[in-house]
K.L.:
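Mind having a look at this structure? Questions to follow.
Residue numbers start from 1 in every chain, and the chains themselves are labelled A, B, ... in the order their sequence lines are given, proteins ahead of strands.
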2 protein chains.
Amino acid sequence: MPTEPLAKRPGGRSARVQAAVYQALTDLAGERDVTRLTIPAVAERAGVNPTTIYRRWGTLQALLAEVAVARGTDAPPSSSGDLRTDLEAYAVRTLADLTRPGGIAFFRAEVSPDIDERRSGLRECLQRATAGLDMVLEASRGRGETPPPAERLLDQIVAPLYFRVVFSVPDTDEAYARALVADLFSGTWHSAVELH
Amino acid sequence: MPTEPLAKRPGGRSARVQAAVYQALTDLAGERDVTRLTIPAVAERAGVNPTTIYRRWGTLQALLAEVAVARGTDAPPSSSGDLRTDLEAYAVRTLADLTRPGGIAFFRAEVSPDIDERRSGLRECLQRATAGLDMVLEASRGRGETPPPAERLLDQIVAPLYFRVVFSVPDTDEAYARALVADLFSGTWHSAVELH
DNA sequence: CAGCTAAAGCAGGTTGATTTGCTTTAGCGA
DNA sequence: TCGCTAAAGCAAATCAACCTGCTTTAGCTG
């Protein structure tokens with residue numbers, strides 16, 4: 001698990017290289033044929049020597065994972081004071097996250113070949129997803145409400161979004177994301193079964 | 001209908017090779033590091049020349065896709081006469097499908113690098129998923145009921161299962177699969193539907 | 001059972017990613 | 001500013017997947 005902002009020499013060059021590589025990776029990940037998403041290719045586009053990438057990140061998976069984390073950290077979720085509104089915003093944001101160019105490539109990277117890599121990568125990914133959600137729920141609880149458990153929301157909001165994006169199901173748009181939330185509210189989630 | 005065993009020369013050798021390759025692929029797909037899941041590796045384990053695989057299937061993706069289809073065709077879904085029971089069986093079967101060894105590898109194969117490959121692969125995969133579901137729904141309609149639309153069931157049953165399996169969420173077991181169905185029945189749509 | 005031919009095997013050769021030892025660059029602290 | 005050293009660059013070697021032309025095997029059919 002690589003250290004994100006490189007403790008040793010945060011100075012100009014390393015930072016520049018990192019930025020260039022991140023950018024190059026993001027660009028390439030958005031392109032059609034992700035088969036061409038390879039370390040030498042990233043290096044070339046970044047104007048950097050392949051060796052550098054090999055030595056600093058070792059594998060494409062690792063690099064992708066790192067960048068995935070980095071792109072996740074720019075979402076500023078603010079509470080509106082209303083659970084439903086917050087959840088809708090959350091759903092829409094999640095969908096946007098998934099559909100932005102290269103989304104699948106990053107997802108793929110996290111569903112990594114090696115089982116241990118995968119576990120840790122996905123755990124991280126899941127935690128990021130849950131974090132946004134928890135914030136919303138926390139706010140709700142702060143208002144004295146009793147929102148449904150996060151687990152349930154993952155199942156009913158995040159899971160369908162992932163599923164439909166991955167499978168390219170048509171009409172998976174913002175309206176659909178909102179509909180998912182609407183569904184929750186028209187239902188009786190109070191009587192939720194106990195998920196041991 | 002039995003298009004399975006190669007139209008041209010269904011005779012002994014081809015069939016044997018195919019069986020050996022399928023088996024080898026399945027074995028390897030179940031192992032820890034799927035990085036080692038490569039054509040030469042499959043060939044070696046199958047006791048077959050790599051060239052054979054290259055010529056017959058071309059790419060690992062194609063082979064995986066074919067085997068994925070083959071392993072999907074052994075599920076005999078029989079209707080019990082009760083929608084809920086059928087759905088539970090369907091959910092449990094889907095979960096079993098996903099969690100059986102190598103499940104993730106196959107899924108990964110279908111979330112393929114190339115966007116077109118992906119679309120077609122996933123379409124197929126999705127169609128297989130939907131097929132089982134449609135059968136259940138058809139049976140239900142045959143009984144004069146009005147079951148929820150397939151789309152909704154995909155969202156509320158299949159999607160969470162996929163999601164949780166991919167993300168290794170703990171406690172994603174048979175009981176959970178049933179709970180998903182139970183949820184549906186305690187939820188909204190049944191108010192608009194007569195359930196004997 | 002004998003010949004035809006699709007499919008399997010084999011031995012190269014090609015391509016492209018990954019590795020390695022070394023040299024060069026350029027932050028950073030004295 | 002100067003020297004130290006982490007990190008980047010470079011070149012050549014390695015290694016593995018994948019391809020190609022050819023030979024061999026073995027179902028099938030007459």
K.L.:
Examine D/dC19: is either OP1 or OP2 under 4.0 Å from a nitrogen or oxygen in the side chain of B/Tyr54? Give yes or no.
P.N.:
no
K.L.:
Rounded to whole Å, please give me the gap between CG in A/Leu60 and P in C/dT19.
P.N.:
13 Å
K.L.:
Expressed as a whole number of angstroms, how long is the span from B/Asn49:CG to D/dG21:P?
P.N.:
17 Å
K.L.:
Is the distance from the ring center of A/Phe167 to that of B/Tyr162 below 6.0 Å?
P.N.:
yes
K.L.:
The side chain of B/Thr38 is closest to which nucleotide in this list: D/dC10, D/dA17, D/dA7?
P.N.:
D/dA17
K.L.:
Given the structure, check if the side chain of A/Arg36 and the base of C/dG16 hold any donor-acceptor pair shorter than 3.5 Å.
P.N.:
no
K.L.:
Check the side chains of A/Ser80 and A/Asp82 for a donor-acceptor pair under 3.5 angstrom, ignoring hydrogens and angles.
P.N.:
no
K.L.:
List the steps, then state whether side chain to side chain contact (heavy atoms under 4.5 Å, CB included) holds for B/Leu126 with A/Val169.
P.N.:
CA-CA 9 Å; B/Leu126 189 55; A/Val169 175; 4.0 Å; yes
K.L.:
From the set C/dC22, D/dA8, C/dT18, return the single nucleotide nearest to any side-chain atom of A/Ile39.
P.N.:
C/dT18
K.L.:
For the pair made of CG in A/Leu37 and C1' in C/dA17, what is the distance, rounded to whole Å?
P.N.:
13 Å
K.L.:
Do A/Arg55 and D/dG9 share a donor-acceptor pair, side chain to base, under 3.5 Å?
P.N.:
yes
K.L.:
Nearest whole Å is fine: how far is D/dC19 P from B/Trp57 CH2?
P.N.:
15 Å
K.L.:
State which of C/dA17, C/dA8, D/dT20 makes the closest approach to the side chain of B/Thr51.
P.N.:
D/dT20
K.L.:
Grab the CZ-P distance between A/Arg16 and D/dA7 for me, whole Å please.
P.N.:
15 Å
K.L.:
What about A/Arg56, does its side chain sit under 3.5 Å from the base of D/dG9 through a donor-acceptor pair?
P.N.:
no
K.L.:
Do B/Gln18 and B/Arg56 have side-chain N/O donor and acceptor atoms under 3.5 Å apart?
P.N.:
yes
K.L.:
Can you find a side-chain donor-acceptor pair between A/Tyr176 and B/Asp155 that sits under 3.5 Å?
P.N.:
yes
K.L.:
Between C/dG27, D/dC10, C/dT18, which nucleotide has the shortest distance from any of its atoms to the side chain of A/Pro40?
P.N.:
C/dT18
K.L.:
For A/Arg13 and C/dT24, give me the distance from atom CZ to atom P, rounded to whole Å.
P.N.:
14 Å
K.L.:
Using the side-chain heavy atoms of B/Ser14, tell me which of these nucleotides is nearest: C/dA7, D/dC18, D/dG27.
P.N.:
C/dA7
